[in-house]
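Worksheet: the structure to be examined is printed underneath.
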Amino acid sequence: NAGVTQTPKFRILKIGQSMTLQCAQDMNHNYMYWYRQDPGMGLKLIYYSVGAGITDKGEVPNGYNVSRSTTEDFPLRLELAAPSQTSVYFCASSYSGRGGRSPDTQYFGPGTRLTVL
Amino acid sequence: GNSVTQMEGPVTLSEEAFLTINCTYTATGYPSLFWYVQYPGEGLQLLLKATKADDKGSNKGFEATYRKETTSFHLEKGSVQVSDSAVYFCALRGDTGFQKLVFGTGTRLLVSP
């Protein structure tokens, strides 16, 4: 099992450029998440997905978009990069069984460090 | 809403010293509590968790006890090693339906030989 993988590891963007951060998991988890981590801060949830075809906003969704066409993949799209989006981005996944139980432990990828200049 | 407060770092210790990192929380009901660790250049890894009051989570010599009466989940280790140097995050998750993880701001631990 590779767990949660993210690409790229590092990226520098110019203001106004767009890019997609890739995330994949091979654990058959139904829940997937995108977080950003700013220096000296905890993680903030950007978007999450409870299964293929279903996504929802987290705390800080502005400036981002997501899609979930398969169980394995959950890409994060930045359309018009801004300096405020300079951060480290983490993807995570977890499993929730039936009956609306709260999802179990989250497993994190290694992160993508993004700088917008 | 739910929130987590951690002691500010960095915490600087010598090898084999005793470690405590304080964590308190605010939440309704019976949240699950977690400690995650982030080693330099890596993502977060689950260190331990507790899902109900008085539960003790433990892993790799670290322990934390879910204290509902004091709304705390302090992380402890009897004898730290240089390899424990990392950032430690306390987090909670609410107990109904989908609840996002709420993280503290993290505490950096530096252990010197």
Side-chain angles (χ1 to χ4, degrees), chain A residues 2-7 9-10 21 23 25 27 29-51 54-61 87-113, chain B residues 1-11 21 23-52 55 57 59 73 86-109:
Chain A
V4 180
T5 57
Q6 292 183 237
T7 55
K9 288 191 186 317
F10 304 95
L21 282 66
C23 173
Q25 53 91 10
M27 298 174 282
H29 286 171
N30 47 352
Y31 280 76
M32 294 188 76
Y33 315 81
W34 274 106
Y35 293 91
R36 59 177 287 172
Q37 182 184 31
D38 298 321
M41 306 290 288
L43 278 69
K44 299 288 187 184
L45 183 65
I46 304 171
Y47 271 95
Y48 67 97
S49 168
V50 303
I54 307 170
T55 63
D56 208 346
K57 296 177 180 178
E59 301 171 81
V60 289
S87 190
V88 181
Y89 291 83
F90 290 101
C91 180
S93 70
S94 64
Y95 178 74
S96 173
R98 292 185 178 180
R101 285 178 51 205
S102 210
D104 205 345
T105 303
Q106 291 186 24
Y107 294 85
F108 285 78
T112 295
R113 185 175 295 275
Chain B
N2 296 343
S3 66
V4 173
T5 302
Q6 284 182 243
M7 62 188 289
E8 287 197 22
V11 174
I21 300 178
C23 171
T24 57
Y25 68 89
T26 300
T28 55
Y30 298 89
S32 295
L33 301 173
F34 305 82
W35 277 101
Y36 280 84
V37 58
Q38 184 179 30
Y39 298 104
E42 298 184 11
L44 278 70
Q45 302 173 25
L46 178 68
L47 181 59
L48 53 85
K49 68 178 181 181
T51 57
K52 59 182 188 294
D55 265 2
N59 186 25
F73 193 54
V87 180
Y88 293 82
F89 291 92
C90 186
L92 73 80
R93 189 187 65 224
D95 61 352
T96 54
F98 169 73
Q99 295 276 344
K100 65 184 177 71
L101 272 180
V102 176
F103 287 88
T105 52
T107 302
R108 182 176 298 278
L109 171 65

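Every chain is numbered from 1, with letters handed out A, B, ... down the list of sequences.
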### Task
Under 4.5 Å, counting heavy-atom pairs only, tell me which of Gln6(B), Gln45(B), Arg108(B), Glu42(B) racks up the most with chain A.
Glu42(B)
### Query
Considering residues, nucleotides and ligands other than Phe108(A), do more than 12 of their heavy atoms fall under 6.0 Å from its CZ?
yes
### Non-hydrogen atoms of Phe89(B) and Met41(A) that approach each other most closely
CE2-O, 4.0 Å
For residues 27-35 of chain B, tabulate all N or O donor-acceptor pairs below 3.5 Å that involve a side-chain atom, not counting sequence neighbours.
| from | atom 1 | to | atom 2 | distance (Å) |
| --- | --- | --- | --- | --- |
| Trp35(B) | NE1 | Phe73(B) | O | 2.8 |

### Task
Under 4.5 Å heavy-atom distance to chain B, tell me which part of Tyr35(A) shows up: side chain, backbone, both or neither.
side chain
### Query
Which bit of Leu44(B) comes within less than 4.5 Å of chain A, counting heavy atoms only: side chain, backbone, both or neither?
both
### For Phe90(A) against Gln38(B), the heavy-atom pair lying closest together
CZ-NE2, 3.2 Å
### Message
The criterion is salt bridge (charged side-chain N to carboxylate O under 4.0 Å, His left out); which residues satisfy it with Asp56(A), sequence neighbours excluded?
### Response
none
#### Entry: Contacting moiety of Gln6(A), where chain B heavy atoms sit under 4.5 Å
neither
### Message
Is there a side-chain contact between Thr105(A) and Tyr36(B) in this structure, where contact means two heavy atoms from C-beta onward sitting under 4.5 Å apart?
### Response
yes
### Query
Roughly how far, to the nearest 0.5 Å, is OG of Ser94(A) from CG of Leu46(B)?
11.5 Å
